[in-house]
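Keep in mind the model is a prediction, meaning the values are calculated, not measured. The figures here come from the full heavy-atom set of this structure, side chains too, leaving out hydrogens, waters and symmetry mates. Remember, it's 1-based here, ligands and their atoms both numbered in the order they're listed.
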Amino acid sequence: MLLRIHHSMSIGGGMQTFDYVATVDLGEAVRLLVEHGTTARILAGGTDLLADLKSSTDAPGLIIDISRVKALKVIVVTPQGLRIGAMVTHAEIMQSALIREHCPAMADAAHTIGAVQTRNLGTLGGNLVTAVPSMDSGATLVALDARAVLAGRSGTREMPLTEFFKGPRRTALRPDELLVAVVIPAGSLGKPAHFLKSGLRKGQALALVNAAASLWLDAEGCVKEPRIALGAVAPTVMRATGAERYLAGRLPLPESMVEAGKLAAEECKPISDFRATAAYRRDLVAVLVKRTLTQAYECALKRLRNGGDP
Ligand SMILES: Cc1cc2nc3c(=O)[nH]c(=O)nc-3n(C[C@H](O)[C@H](O)[C@H](O)COP(=O)(O)OP(=O)(O)OC[C@H]3O[C@@H](n4cnc5c(N)ncnc54)[C@H](O)[C@@H]3O)c2cc1C
């Protein structure tokens with residue numbers, strides 16, 4: 001253990017105390033979680049957690065700071081794919097040569113998160129675990145068939161990211177589990193993909209809608225394995241599977257992209273709130289899906305021109 005202190009801060013309008021532990025060891029972080037269960041909270045970058053604590057009524061029993069756990073900060077290519085540790089920050093995603101080479105759409109998505117300060121502190125793991133429907137990391141990862149790696153009392157387990165998200169602010173994590181990493185499978189590395197976000201401002205705005213699309217081209221130039229993922233228009237990041245089925249095997253003509261956008265707009269489930277109406281969000285989905293697909297197709301053509309697989 002690196003540090004253990006008794007700490008006070010303003011929680012729910014009054015000063016409350018809790019224990020704070022900083023560790024450098026993943027095993028120890030898991031052990032502490034097992035020991036303290038639901039009374040413990042994980043601290044990564046703290047950009048969401050500190051705001052949550054200030055507005056909650058009860059102090060946690062223990063804060064476990066994992067920001068110095070090196071094992072959670074890796075970005076590495078393995079035979080399984082590209083593994084990105086949960087403690088990798090949005091700024092590190094933007095700067096990573098490996099991420100830029102294998103899945104540049106992820107770096108583009110990271111660039112849209114908050115401002116410099118938020119991107120310097122906020123982590124991929126924190127973004128995914130918070131599980132708000134408007135999160136900006138989710139759509140690209142889902143469009144690349146990414147998997148979540150979890151560690152807990154009974155070892156590690158893995159699942160598609162689509163199964164990790166259970167609902168607004170709900171994930172598959174058990175009380176004794178940490179999100180350790182995300183793996184973009186080897187088969188998705190280099191897959192042409194694109195991410196777009198629409199907010200009320202160009203910067204420092206949560207997404208009204210975000211969308212990511214990925215696709216391969218087959219030998220006839222038709223769309224193969226299309227993926228369309230949407231954020232902020234359903235309780236979790238969702239795949240527009242009807243639009244994907246429509247596109248698979250078709251020539252990537254402009255009218256096919258428009259039709260896929262319309263289908264995605266029909267299958268999403270947006271709500272109306274103070275930021276936008278459901279109808280406006282559906283219109284945005286139609287436009288963003290058409291554009292992300294068109295850009296993913298442009299990437300595929302560029303790959304072909306550069307001598308890569310389609
Ligand atoms: C000003 C501002 C602007 C923002 N703009 C955006 C934006 O544009 N787009 C966007 O998507 N988000 C945005 N956010 C939200 C936030 O910054 C991100 O979600 C960030 O990635 C959270 O990461 P963190 O490391 O700070 O998480 P923390 O705040 O440390 O943790 C968040 C939650 O996840 C849990 N947790 C963290 N890591 C793990 C782990 N490895 N295993 C298990 N549980 C874990 C914590 O216990 C906590 O419940 C913004 C936040 C702020 C304050």
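- Other residues, nucleotides and ligands place no more than 12 heavy atoms under 6.0 Å from the NZ atom of Lys262.
- Listed by atom number, the atoms of ligand 1 under 4.0 Å from Ala44 heavy atoms are 25 (O), 30 (O), 37 (C), 38 (N).
- When all heavy atoms of Ala44 and Ser67 are compared, the closest pair comes out as O-CB, 3.7 Å.
- For atom 28 (P) of ligand 1, the closest non-hydrogen atom on the protein side is Gly46 N, 3.5 Å.
- Taking 4.0 Å as the cut-off, Lys197 counts as a neighbour of ligand 1 on heavy-atom distance.
- For ligand 1 and Gln204, the ligand atoms under 4.0 Å from any heavy atom of the residue are 1 (C), 3 (C).
- Looking from atom 23 (O) of ligand 1 to the surrounding protein, the closest heavy atom is Thr123 N, 3.2 Å.
- Considering only non-hydrogen protein atoms, atom 42 (N) of ligand 1 sits nearest to Leu179 N, 2.9 Å.
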Margin query: Pair Glu177, Arg153 - check salt bridge (Lys or Arg N to Asp or Glu O under 4.0 Å), show working.
Written below: CA-CA 7 Å; Glu177 281 181 322; Arg153 183 197 306 262; over 6 Å; no

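- Taking a 6.0 Å sphere around OH of Tyr20, one finds it holds more than 12 heavy atoms contributed by other residues, nucleotides or ligands.
- Counting atoms of ligand 1 from 1 in the listed order, those under 4.0 Å from a heavy atom of Ala205 are 8 (O).
- For the pair Ile66 and ligand 1, a heavy-atom separation below 4.0 Å is found.
- Among protein heavy atoms, atom 35 (C) of ligand 1 sits closest to Val129 CG1, 3.6 Å.
- Atom 9 (N) of ligand 1 has as its closest protein heavy atom Asp136 OD2, 2.7 Å.
- With Tyr280 as the aromatic partner, Arg282 does not meet the cation-pi criteria of under 6.0 angstrom to the ring centre and within 45 degrees of the ring axis.
- Of all the atoms in ligand 1, the ones that sit under 4.0 Å from a non-hydrogen atom of Leu173 are 43 (C).
- Ser214 and Lys191 share a donor-acceptor pair across their side chains, judged by distance under 3.5 Å alone.
- Nearest non-hydrogen protein atom to atom 39 (C) of ligand 1 is Ile42 CG2, 3.8 Å.
- Using a 4.0 Å heavy-atom cutoff, Ser67 is absent from the residues neighbouring ligand 1.
- Taking every non-hydrogen atom of Gly45 and a distance limit under 4.0 Å, the qualifying atoms of ligand 1 come out as 24 (P), 25 (O), 26 (O), 30 (O).
- Closest to atom 27 (O) of ligand 1 among all protein heavy atoms lies Gly126 CA, 3.4 Å.
- Close approach to Met135 involves these atoms of ligand 1, each under 4.0 Å from a residue heavy atom: 11 (O).
- Residue contact check: Ala86 has heavy atoms under 4.0 Å from atoms 41 (N) of ligand 1.
- Here the shortest heavy-atom distance to atom 13 (C) of ligand 1, taken over Ile113, Leu121, Thr89, Leu43, belongs to Ile113.
- Summarising the local packing, NE2 of His36 is surrounded by more than 12 heavy atoms from other residues, nucleotides or ligands at distances under 6.0 Å.
- Here Val180 has no heavy atoms under 4.0 Å from ligand 1, in either its backbone or its side chain.
- Around atom 33 (C) of ligand 1, the closest heavy atom drawn from Leu72, Leu206, Thr130 belongs to Thr130.
- Distance from atom 51 (C) of ligand 1 to its nearest protein heavy atom, with residue and atom name: Thr118 CG2, 3.7 Å.
- Atoms of ligand 1 lying under 4.0 Å from any heavy atom of His90, numbered from 1 in the order shown and given with element: 20 (C), 21 (O).
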Note to self: Evaluate Lys70 against Asp25 for salt bridge (Lys or Arg N to Asp or Glu O under 4.0 Å), listing each step before the verdict.
What the structure shows: CA-CA 8 Å; Lys70 284 216 177 86; Asp25 181 49; over 6 Å; no

